[in-house]
*Asks:* 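Structure below; questions to follow.
Excluded from the calculations below are hydrogen atoms, water molecules and symmetry mates; all remaining heavy atoms, backbone and side chain alike, are included.
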Amino acid sequence: MKQDVVHGDLREQTMIRNMYSMKTLLKTLDDVYVDQLTAGYVLQRLDESGRNNTGKNELLRRLKAFLRWAYKRDLIETRDVIDKIDKYPEPSEREKIKDKYLEAAEVEKLITGMTCKRWALLTEFLVLSGLRIGEAIALDASDVDARNIHVTKTFSPVTHSIGPTKTDGSTRDVHIQPELERCIKEIKIEMLKERMICGYGSTPYFMTGPDGERLSYYAYKYYLKKSGKDILGREGVTPHITRHTHTSLLAAAGVPFDTISHRLGHSSPQITRQIYMHITKTLKINDAKSVDNVSIFKVC
C-alpha cells in the first residue's frame with residue numbers, strides 16, 4: 001500500500017475528504033453564482049436533496065464556513081445569506097448520543113450472531129481496544145506485544161494508503177487488559193489456522209484477509225452495517241461505533257475520563273466527553289433510584 005502524505009498542516013486524506021464535501025455541496029446547490037444565493041434557494045435545494053436533518057445541517061455548516069472564508073478574503077461582498085438560515089431541528093443530544101454506541105448486551109448479541117469469524121474477532125478487538133478501524137488495519141504483528149498495542153500508523157479509506165496516525169496524540173501505546181489479551185490470542189490462532197489452510201505463508205500483518213493481505217475496510221464496513229441491521233435491528237452501525245462503545249463501557253466501569261481519552265488518543269475528545277457524561281449521569285440516576293428503593297425502618 002502507498003504511504004499517505006502531509007501537505008502543510010493538512011493530511012492528504014483530510015484534503016480529499018474536504019474536496020468531496022465541497023463537490024457534494026456544489027452538486028446540491030446546482031449551477032448558481034455565489035452572489036446570487038438566497039436563503040430561500042438554499043433551503044429549497046436542501047429540502048429537495050432527500051437528506052435527513054443531520055445531513056442537511058452538515059451541508060449548511062460547510063456552506064457557512066466557505067462563505068465566511070470567501071468574505072474574509074474579499075471574494076464576496078456580503079455573507080448575509082448565512083445569517084438568515086437556521087439549523088434544521090435534530091434529535092435531542094440524549095437521543096443522538098444513544099445512537100453513537102452499543103450497550104454491552106448489544107455487543108455480545110452482535111458478535112455472537114456474526115457468522116464470519118474474522119469480522120467477529122475484529123469487532124471484539126475494536127470494542128476492547130478502542131482503536132480506530134484504520135489503526136487496526138494498519139497494525140503489523142510486531143506492533144502487538146505482551147503488554148501493549150503500539151499505534152504508530154493508520155490506513156486511510158480515502159487515499160487507500162498507510163500513513164501517520166490521525167493526530168500526534170493518536171500515536172500511543174494501548175494497554176492490553178486480560179479480556180483484550182484473550183481476544184488477541186484467539187486472533188493469532190485464527191490467523192495461523194487460515195495461513196495453514198490457504199497456504200499463503202507468513203505475513204507481517206496482525207490481521208489479514210483470506211488472501212494474506214491487509215484487511216479490507218470496505219468489506220468490514222459493509223458486513224458490520226448489515227449485521228447491525230440483521231442482528232440488532234439497528235441502522236447505521238459503522239466501524240466507528242465500536243470506538244464509542246469502548247468509551248461507554250469504560251465509563252460504566254468507572255474508568256476516569258482522562259484515562260479513556262488518553263487510551264483513545266484524542267486531541268479534542270468532544271464525542272468522548274459527551275458519551276462519558278451521558279453514561280456517568282445515567283449511573284448516578286440509577287444509584288439514586290437504588291437508594292430510593294431501600295427501606296431502612298419498617299413503618300408501622
*Asks:* Among residues two or more places apart or on two chains, list those pairs meeting salt bridge (charged side-chain N to carboxylate O under 4.0 Å, His left out) that have a residue in residues 179-190.
*Replies:*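 As it turns out, the salt bridge (charged side-chain N to carboxylate O under 4.0 Å, His left out) pairs with a partner in residues 179-190, which skip direct neighbours, are Lys117-Glu186, Lys117-Glu190, Glu181-Lys185.
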*Asks:* Got a second to check how far Ile133's CD1 is from Leu126's CG, nearest 0.5 Å?
*Replies:*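 Atom-to-atom, Ile133:CD1 and Leu126:CG are 5.0 Å apart.
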*Asks:* Say you draw a straight line from OG1 of Thr272 to CG of Asp258; how long is it, rounded to the nearest 0.5 Å?
*Replies:*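 If we round to the nearest 0.5 Å, Thr272:OG1 and Asp258:CG are 11.5 Å apart.
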*Asks:* Measure from the side-chain N and O atoms of Arg243 to the backbone N and O of Gly130, and report whether any donor-acceptor pair falls under 3.5 Å.
*Replies:*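 Yes, Arg243 side chain to Gly130 backbone: donor-acceptor pair under 3.5 Å.
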*Asks:* If you count heavy atoms of other groups shown closer than 6.0 angstrom to CD of Glu77, is the number above 12?
*Replies:*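 Atom CD in Glu77 is not packed in, count stays at 12 or less.
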*Asks:* Name all residues meeting the side-chain contact (heavy atoms from CB on, under 4.5 Å) criterion together with Arg118; count only those two or more places apart in sequence or in a different chain, and write none if there are none.
*Replies:*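 Arg118 satisfies side-chain contact (heavy atoms from CB on, under 4.5 Å) with Cys116, Glu194, Met207, Pro210, Leu215 once adjacent residues are dropped.
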*Asks:* Do Val34 and Leu26 share a hydrophobic cluster (ILVMFWY, side-chain heavy atoms under 4.5 Å, transitive)?
*Replies:*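 Looking at the clustering, Leu26 is in a separate group from Val34.
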*Asks:* Out of curiosity, Leu37 CG to Ile82 CD1, how far, rounded to the nearest 0.5 Å?
*Replies:*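 These two atoms lie 11.0 Å from each other.
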*Asks:* To the nearest 0.5 Å, how far apart are CZ in Arg79 and NZ in Lys84?
*Replies:*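 It comes to 13.5 Å.
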*Asks:* If we only count heavy atoms from C-beta on, is the Ile184 to Phe206 side-chain gap below 4.5 Å?
*Replies:*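 Heavy-atom side-chain distance check passes, below 4.5 Å.
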*Asks:* Can you tell me if Thr112 uses its side chain to pair, donor with acceptor, with the backbone of Lys109 under 3.5 Å?
*Replies:*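 No, the answer is negative, given that no donor and acceptor are paired below the 3.5 Å cut-off.
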*Asks:* What residues, two or more places apart in sequence or in another chain, satisfy side-chain contact (heavy atoms from CB on, under 4.5 Å) together with Ile85?
*Replies:*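 Only Ala39, Val42, Leu43, Leu60, Val81 meet the side-chain contact (heavy atoms from CB on, under 4.5 Å) criterion with Ile85.
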*Asks:* For Lys225, check salt bridge (Lys or Arg N to Asp or Glu O under 4.0 Å) against everything at least two apart and list the hits.
*Replies:*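 So Lys225 forms no salt bridge (Lys or Arg N to Asp or Glu O under 4.0 Å) with any residue.
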*Asks:* State whether the side chain of Arg195 and the backbone N or O of Ser202 hold a donor-acceptor pair below 3.5 Å, judged by distance alone.
*Replies:*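 Looks like no, no N/O pair under 3.5 Å.
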*Asks:* Would a distance-only check, ignoring hydrogens and angles, find a side-chain to backbone donor-acceptor pair under 3.5 Å from Ser49 to Leu46?
*Replies:*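 Indeed, once roles are kept as given, a pair shorter than 3.5 Å links the two residues.
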*Asks:* Any luck finding a side-chain donor-acceptor pair between Thr165 and Thr171 under 3.5 Å?
*Replies:*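 Checked: Thr165/Thr171 side chains pair up, N/O donor to acceptor below 3.5 Å.
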*Asks:* Please determine whether side-chain hydrogen bond (donor to acceptor under 3.5 Å, both in side chains) holds for the pair Tyr220 and Thr123, giving the CA-CA distance in whole Å, both sets of side-chain angles, and the decisive distance to 0.1 Å.
*Replies:* CA-CA 9 Å; Tyr220 177 62; Thr123 303; 2.8 Å; yes
*Asks:* Judged by atom type as modelled, is there a donor-acceptor pair below 3.5 Å linking the side chain of Asp211 to the main-chain atoms of Glu213?
*Replies:*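 Checking the backbone N and O of Glu213 against the side chain of Asp211, a donor-acceptor pair under 3.5 Å is found.
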*Asks:* Between Glu135 and Lys166, is there a donor-acceptor pair closer than 3.5 Å when you use the side chain of the first and the backbone of the second?
*Replies:*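 A pair under 3.5 Å: no.
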*Asks:* How many angstroms lie between CG in Leu29 and CG in Leu63, if you round to the nearest 0.5 Å?
*Replies:*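 Between atom CG of Leu29 and atom CG of Leu63 there are 6.0 Å.
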*Asks:* Could you pull out all residues at least two apart from Asp30 that satisfy side-chain contact (heavy atoms from CB on, under 4.5 Å)?
*Replies:*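 Partners of Asp30 by the side-chain contact (heavy atoms from CB on, under 4.5 Å) criterion, ordered by chain and then number, come out as Tyr41, Arg45.
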*Asks:* The criterion is salt bridge (Lys or Arg N to Asp or Glu O under 4.0 Å); which residues satisfy it with Arg51, sequence neighbours excluded?
*Replies:*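 Scan of Arg51 (salt bridge (Lys or Arg N to Asp or Glu O under 4.0 Å), adjacent residues dropped) gives none.
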*Asks:* For residues Leu122 and Ala136, report the shortest heavy-atom separation together with the two atoms involved.
*Replies:*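 Closest approach of Leu122 to Ala136: CD1-CB, 4.3 Å.
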*Asks:* Any side-chain heavy atom of Thr242 sitting closer than 4.5 Å to one from Phe125?
*Replies:*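 No, side chains not in contact.
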*Asks:* Decide if atom OH of Tyr88 counts as having more than 12 heavy atoms of other residues, nucleotides or ligands within a radius under 6.0 Å.
*Replies:*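 Yes - once you tally the heavy atoms of other residues, nucleotides and ligands closer than 6.0 Å, there are more than 12.
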*Asks:* Kindly write out the residues that satisfy side chain to side chain donor-acceptor pair (under 3.5 Å) with Ser170, not counting sequence neighbours, or none if the list is empty.
*Replies:*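 Here the qualifying residues are Arg132, Thr167.
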*Asks:* Begin with the C-alpha distance, continue with both residues' side-chain angles, and end with the deciding distance and a verdict on side chain to side chain contact (heavy atoms under 4.5 Å, CB included) for Leu128 and Leu249.
*Replies:* CA-CA 9 Å; Leu128 291 174; Leu249 296 177; over 6 Å; no
*Asks:* Between Thr245 (side chain) and Leu102 (backbone), is there a donor-acceptor pair under 3.5 Å?
*Replies:*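 Pair found, side chain donor or acceptor close to backbone of Leu102.
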*Asks:* Could you tell me whether the side chain of Thr203 and the main chain of Tyr205 form a donor-acceptor pair under 3.5 Å?
*Replies:*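 Yes; at least one donor-acceptor contact below 3.5 Å.
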*Asks:* For Ile189, what are the other residues in its hydrophobic cluster, where any two members join if their side-chain heavy atoms are less than 4.5 angstrom apart?
*Replies:*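 Via sub-4.5 Å side-chain contacts, Ile189 links to none.
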*Asks:* Mark yes or no for whether Ser261, through its side chain, and Phe257, through its backbone, hold a donor-acceptor pair below 3.5 Å.
*Replies:*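 The answer is no, because no donor-acceptor pair under 3.5 Å joins these two groups.
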*Asks:* With sequence neighbours left out, write down each residue that passes ring pair (Phe, Tyr, Trp, His ring centres under 6.0 Å) with His240, or none if nothing qualifies.
*Replies:*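 Result, ring pair (Phe, Tyr, Trp, His ring centres under 6.0 Å) vs His240: His244.
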*Asks:* Keeping to residues at least two apart or across chains, list the salt bridge (charged side-chain N to carboxylate O under 4.0 Å, His left out) pairs with something in residues 64-76.
*Replies:*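 Every pair satisfying salt bridge (charged side-chain N to carboxylate O under 4.0 Å, His left out) with a residue in residues 64-76: there are none.
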*Asks:* So, for Ser129 and Leu180, which heavy atoms are closest and what is the spacing to 0.1 Å?
*Replies:*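 Heavy-atom minimum between the residues: CB-CD2, 4.0 Å.
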*Asks:* Output all residues satisfying ring pair (Phe, Tyr, Trp, His ring centres under 6.0 Å) with Tyr218, sequence neighbours left out; order by chain, then residue number.
*Replies:*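 In terms of ring pair (Phe, Tyr, Trp, His ring centres under 6.0 Å), with neighbours along the sequence ignored, Tyr218 is linked to His160.
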*Asks:* Do you know which two heavy atoms are closest between Ser216 and Ala219, and how far apart they sit?
*Replies:*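 Between these two residues, the closest heavy atoms are OG-N, 3.1 Å.
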*Asks:* Out of curiosity, Met114 CE to Leu121 CG, how far, rounded to the nearest 0.5 Å?
*Replies:*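 Nearest 0.5 Å value for the CE-CG distance: 10.5 Å.
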*Asks:* Would you please test Leu250 and Arg263 for side chain to side chain contact (heavy atoms under 4.5 Å, CB included) and show each step?
*Replies:* CA-CA 11 Å; Leu250 293 189; Arg263 182 175 173 87; 3.9 Å; yes
*Asks:* Spell out, as yes or no, whether a donor-acceptor pair under 3.5 Å connects the side chain of Asp47 to the backbone of Gln44.
*Replies:*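 Not at all, since once roles are kept as given, no pair shorter than 3.5 Å links the two residues.
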*Asks:* Suppose we screen for side-chain contact (heavy atoms from CB on, under 4.5 Å). Which residues come up paired with Asp145, at least two apart in sequence or across chains?
*Replies:*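 Arg147, Asn148, His150.
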*Asks:* Got Ile162 and Arg214 here, is their nearest side-chain heavy-atom distance under 4.5 Å?
*Replies:*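 A side-chain contact exists here, since the closest heavy-atom pair is under 4.5 Å.
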*Asks:* Determine the minimum heavy-atom distance between Leu59 and Leu25, stating which atoms define it.
*Replies:*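 Answer, listing the atom of Leu59 first, then Leu25: O-CD1, 3.7 Å.
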*Asks:* Using every non-hydrogen atom in the two residues, find where Val237 and Gly228 come nearest and quote the distance to one decimal.
*Replies:*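 Result for this residue pair: CG2-CA, 3.9 Å.
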*Asks:* Treating Ile, Leu, Val, Met, Phe, Trp and Tyr as nodes and any side-chain heavy-atom pair under 4.5 angstrom as an edge, say whether Ile241 and Tyr222 lie in one connected cluster.
*Replies:*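 Per the 4.5 Å side-chain linkage, Ile241 and Tyr222 are not co-clustered.
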